[in-house]
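Residue numbers begin at 1 in each chain, while the letters A, B, ... track the order of the sequences. Everything numeric in this text was worked out from a predicted model, so none of it was measured.
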There are 4 protein chains.
Amino acid sequence: MGAKERREREREQRKSHILDVARELLLGKGMNATSINQIAKRSELSVGAIYFYFKDKEELFAALQLEGLELLHNAVRLAVAKKSTPEKKIRSIAMAYLKFSEEHKSYFDIINYFLTSPETIFPPNLKNVIDEHGNASISKLAAAVREGIDAGQFKPVDPRRQAIILWSAFNGVIQLKKLEKTILKKDEYRSLYMEALDRFLDGLRK
Amino acid sequence: MGAKERREREREQRKSHILDVARELLLGKGMNATSINQIAKRSELSVGAIYFYFKDKEELFAALQLEGLELLHNAVRLAVAKKSTPEKKIRSIAMAYLKFSEEHKSYFDIINYFLTSPETIFPPNLKNVIDEHGNASISKLAAAVREGIDAGQFKPVDPRRQAIILWSAFNGVIQLKKLEKTILKKDEYRSLYMEALDRFLDGLRK
Amino acid sequence: MGAKERREREREQRKSHILDVARELLLGKGMNATSINQIAKRSELSVGAIYFYFKDKEELFAALQLEGLELLHNAVRLAVAKKSTPEKKIRSIAMAYLKFSEEHKSYFDIINYFLTSPETIFPPNLKNVIDEHGNASISKLAAAVREGIDAGQFKPVDPRRQAIILWSAFNGVIQLKKLEKTILKKDEYRSLYMEALDRFLDGLRK
Amino acid sequence: MGAKERREREREQRKSHILDVARELLLGKGMNATSINQIAKRSELSVGAIYFYFKDKEELFAALQLEGLELLHNAVRLAVAKKSTPEKKIRSIAMAYLKFSEEHKSYFDIINYFLTSPETIFPPNLKNVIDEHGNASISKLAAAVREGIDAGQFKPVDPRRQAIILWSAFNGVIQLKKLEKTILKKDEYRSLYMEALDRFLDGLRK
DNA sequence: AATGAATGAGAGTTCATTCAT
DNA sequence: CATGAATGAACTCTCATTCAT
């Protein structure tokens with residue numbers, strides 16, 4: 001019966017190997033410029049093999065996004081785990097998000113790529129799965145805000161809405177990275193990120 | 001003598017007609033999926049004619065972005081013109097920005113499209129012109145912040161940095177629009193935008 | 001086991017079929033006027049298929065040249081093999097070259113086409129392979145000259161240089177073929193070729 | 001009536017200006033890659049203007065070749081003028097040819113370009129004019145050979161045929177220039193050219 | 001499971017040439 | 001004389017996808 005398991009394992013390995021190659025290419029040249037043929041060549045597999053593991057191009061790239069969201073959710077969970085005060089939790093999540101955007105740049109870019117691309121319209125069911133994953137991270141943030149409100153440190157605002165606002169602001173600032181060398185100095189976006197966090201926390205406090 | 005001028009005018013008309021068509025297609029399907037052939041067909045011109053007016057695809061799409069930035073800058077200038085207090089100015093700019101994102105959705109999307117697309121890298125000189133235009137709008141915002149600081153209403157922070165942060169946050173929230181129907185309710189992003197502004201101003205005030 | 005080999009064989013057959021078609025077209029209308037589309041149509045394959053077998057147009061035409069150089073080198077080797085005296089060897093190579101230019105007109109023209117075309121610049125590595133092949137034939141000629149010098153029949157000149165000179169002169173005369181019907185009478189270039197050979201051998205003898 | 005002449009002169013100036021630009025482009029990128037549009041742009045004229053002065057692309061490039069042949073013929077005539085002995089005349093023509101190939105590289109290349117290009121087939125009448133011009137230079141060479149025979153210095157061979165052979169050999173060697181950096185050392189073709197001449201004269205002498 | 005040959009539409013771009021002005 | 005806008009076919013090359021083996 002070990003044979004079956006081994007096969008299963010190999011299957012997964014192949015799949016993730018393909019994803020590795022695809023991720024690399026996607027980030028280097030964008031989705032449209034990344035072709036199945038290229039992925040095949042780089043992963044030393046045949047085109048047919050790629051199509052065996054993934055129904056089509058779309059499915060392949062959606063898989064990448066899922067990977068990324070899972071990783072992110074994990075990072076957020078860890079960040080929030082051992083922190084005491086709500087503010088510390090929020091700051092910790094913020095830092096985790098920034099860190100994720102830098103250390104897992106690949107995944108972060110992919111998530112954002114699909115989020116902001118008007119061109120790719122995923123089939124609804126896929127979109128749902130993806131949103132669900134995204135939601136998970138926002139909920140952690142909302143929970144921290146709620147805690148702060150309950151403790152009387154924050155204004156009595158809607159926690160989920162604050163979470164979303166914070167999240168959006170984070171994203172907005174991180175995207176500034178692309179303007180380095182023109183509008184911004186190197187790594188200026190980092191300090192801007194911190195200051196944005198300060199400003200919003202200032203605004204949240206009673 | 002009028003012949004030359006008329007030609008010039010016709011030339012401009014054709015050019016802007018092409019841009020109209022291109023804008024429509026670009027927003028519908030993204031840059032990569034929008035082909036010169038399609039633009040030619042829809043504008044009832046030959047492919048060659050498109051290339052007569054625009055050096056290549058890049059130049060065509062860059063022209064769209066410039067159009068948009070100019071329009072935006074104008075809207076911001078108007079918004080700030082007749083306002084008295086700094087906070088009112090900031091709120092006015094914010095509203096102008098939101099309004100622009102809705103009323104000139106086409107242009108707004110294009111600006112954001114190029115801003116967030118990791119795939120398109122404009123040749124440096126073009127990028128500079130574009131950034132310059134973008135800067136113009138941010139400066140108006142920064143001026144309002146500075147005014148507020150000088151008036152003793154705001155904390156003594158760096159005005160330009162606040163402007164950039166605010167701008168980024170706006171963008172982040174507006175991008176949420178895409179998540180309507182999944183994470184957000186219809187038009188929820190609008191009220192989130194307002195609340196984000198409130199929160200930020202709260203944080204800015206002494 | 002045979003399946004793999006058969007495939008391999010079929011692959012080679014297709015490749016050489018494409019080359020056949022390409023050669024025919026190239027000679028008829030020159031490299032620039034010969035399009036991949038035409039080659040595809042004539043060989044009853046899709047454009048994509050051509051690109052499956054050859055990286056690009058350049059590679060396709062370079063393959064043709066290599067084919068030709070190999071054939072030529074073979075002819076030269078055979079020509080020199082069974083001859084006794086140096087002069088006979090040189091004459092034999094000369095005749096082989098002339099014969100090759102007539103019987104394998106296609107290949108000869110291609111070799112010369114690329115040699116004299118100022119427009120086509122091969123990537124360095126390809127150029128090296130091609131030159132190497134060309135060198136092989138010249139070396140045979142040089143060897144014959146050296147033999148003659150050692151035997152005291154020829155002046156003490158540099159053998160390799162004489163080989164190159166001879167080779168160039170041959171080429172120069174063969175190119176006259178194109179002037180038939182205007183400057184030259186039909187087949188006059190043939191007797192000119194022989195006389196050129198005589199004259200240079202006269203000049204080489206002590 | 002001077003107006004007419006002035007017009008005529010201006011016409012010629014425009015024409016030769018166009019030719020200057022065309023020549024430059026042709027030599028840089030070959031005939032096929034040189035477009036009328038490019039010539040128009042570079043010469044600061046309109047496309048229509050080019051077509052006013054030249055019927056079509058072919059006529060334009062043929063004009064270039066004629067220019068070159070005329071220049072060459074002139075050089076040969078000068079070379080032969082003041083020389084005393086036949087051998088000196090031949091050497092002088094040879095040097096003039098080599099010099100021409102170097103100093104008027106542009107024209108030389110064009111002449112050879114059209115001579116060896118299988119792709120361009122000029123309309124017969126044009127071809128005749130061109131051949132005629134070419135013949136003129138060869139005749140000078142033939143005359144010198146005949147003189148040498150009459151003077152008893154050269155073998156009793158056919159002068160015109162020797163002229164053609166020599167001419168061909170020159171061309172063959174000059175074409176070697178293209179192989180510099182691969183088969184040949186820099187400027188080696190020059191000394192090969194001289195040696196080829198020596199060898200041929202050796203062979204011609206009694 | 002995996003291969004890789006084949007498709008054919010479509011991409012961006014260039015071209016010689018025409019012609020109303 | 002000269003302009004320059006317009007054409008539309010042709011070019012090289014890439015792509016997602018299929019399918020017989």
Distance, rounded to the nearest Å, where [X] contributes [atom1] and [N] contributes [atom2]:
| X | N | atom1 | atom2 | value |
| --- | --- | --- | --- | --- |
| C:His17 | E:dA6 | NE2 | P | 12 Å |
| B:Asn32 | F:dA16 | CG | P | 11 Å |
| D:Glu44 | F:dT3 | CD | C1' | 15 Å |
| B:Glu10 | E:dA20 | CD | C1' | 12 Å |
| B:Lys15 | F:dG4 | NZ | C1' | 15 Å |
| C:Glu5 | F:dT21 | CD | C1' | 16 Å |
| C:Met31 | F:dT12 | CE | C1' | 11 Å |
| B:Ile50 | F:dG8 | CD1 | C1' | 13 Å |

Identify which nucleotide among [options] has an atom closest to any side-chain atom of [X], counting heavy atoms from C-beta outward.
| X | options | value |
| --- | --- | --- |
| A:Lys57 | F:dA16, F:dT3, E:dG12 | F:dA16 |
| D:Val47 | F:dG4, E:dT13, E:dA9 | F:dG4 |
| D:Ile36 | F:dG8, E:dT21, E:dT17 | E:dT17 |

With sugar-phosphate meaning primed atoms plus P, OP1 and OP2, does D:Tyr53 contact a base, only sugar-phosphate, or nothing at under 4.0 Å between heavy atoms?
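Sugar-phosphate contact only.
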Practice prompt. Using a 4.0 Å heavy-atom cut-off across all strands, classify A:Ser35 as base, sugar-phosphate, or nothing.
Written response: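 Sugar-phosphate: the residue A:Ser35, judged by heavy atoms under 4.0 Å, touches backbone atoms but no base.
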I want to check one thing: is the phosphate of [N], taken as OP1 and OP2, less than 4.0 Å away from some side-chain N or O of [X]?
| X | N | result |
| --- | --- | --- |
| D:Ser46 | F:dG4 | no |
| A:Arg14 | E:dA2 | yes |
| A:Tyr51 | E:dG4 | no |
| B:Arg6 | E:dT21 | no |
| A:Gln38 | F:dC15 | yes |

Here's a test of your reading of the structure: between D:Ala49 and C:Gly48, which maps to the more 5' nucleotide of DNA chain F?
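It is D:Ala49, whose closest nucleotide lies nearer the 5' terminus.
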Item to complete: Report the residue (B:Asn37 or A:Thr34) whose heavy-atom-nearest nucleotide on DNA chain F is the more 5′ of the two.
Response: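 Here B:Asn37 is the residue nearer the 5' end.
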D:Arg14/D:Glu10 ion pair, N-O < 4.0 Å
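The answer is no: the pair does not qualify as a salt bridge.
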| message | Any salt bridge linking A:Arg9 with A:Glu5? Criterion: basic side-chain nitrogen under 4.0 Å from a carboxylate oxygen. | response |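 Result for this pair is no, no salt bridge flagged.
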Problem set entry | Positive for side chain to side chain contact (heavy atoms under 4.5 Å, CB included) with C:Val21, one of C:Arg42, C:Glu44, C:Lys41, C:Gln38 |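 It is C:Arg42, the one option of C:Arg42, C:Glu44, C:Lys41, C:Gln38 that forms the side chain to side chain contact (heavy atoms under 4.5 Å, CB included) with C:Val21.
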Going by the rule side-chain hydrogen bond (donor to acceptor under 3.5 Å, both in side chains), which residues pair with C:Tyr107 if we only count those two or more places apart in sequence or in a different chain?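 With neighbours one apart ignored, the set is C:Arg23, C:Glu67.
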Close side-chain approach of B:Phe54 and B:Ile36, heavy atoms under 4.5 Å
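The answer is no, as the side chains (C-beta and beyond) never meet within the 4.5 Å cut-off.
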Measure the shortest side-chain to side-chain distance between B:Ile39 and B:Leu60 over non-hydrogen atoms and say whether it is less than 4.5 angstrom.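 Yes, at least one pair of side-chain atoms sits under 4.5 Å.
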Per-residue pairing states of DNA chain E in dot-bracket (Watson-Crick or G-U under 3.5 Å; . unpaired, | other strand) read .||||||||||||||||||||
query: How would you list, by chain and number, every residue that makes a ring pair (Phe, Tyr, Trp, His ring centres under 6.0 Å) with B:Phe108, sequence neighbours excluded?
result: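 Applying ring pair (Phe, Tyr, Trp, His ring centres under 6.0 Å) to B:Phe108 gives B:Tyr97.
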| query | What pair of heavy atoms forms the shortest contact from B:Leu19 to B:Ala63, and how long is it? | reply |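 For B:Leu19 and B:Ala63, the tightest heavy-atom pair comes out as CD2-CB, 4.0 Å.
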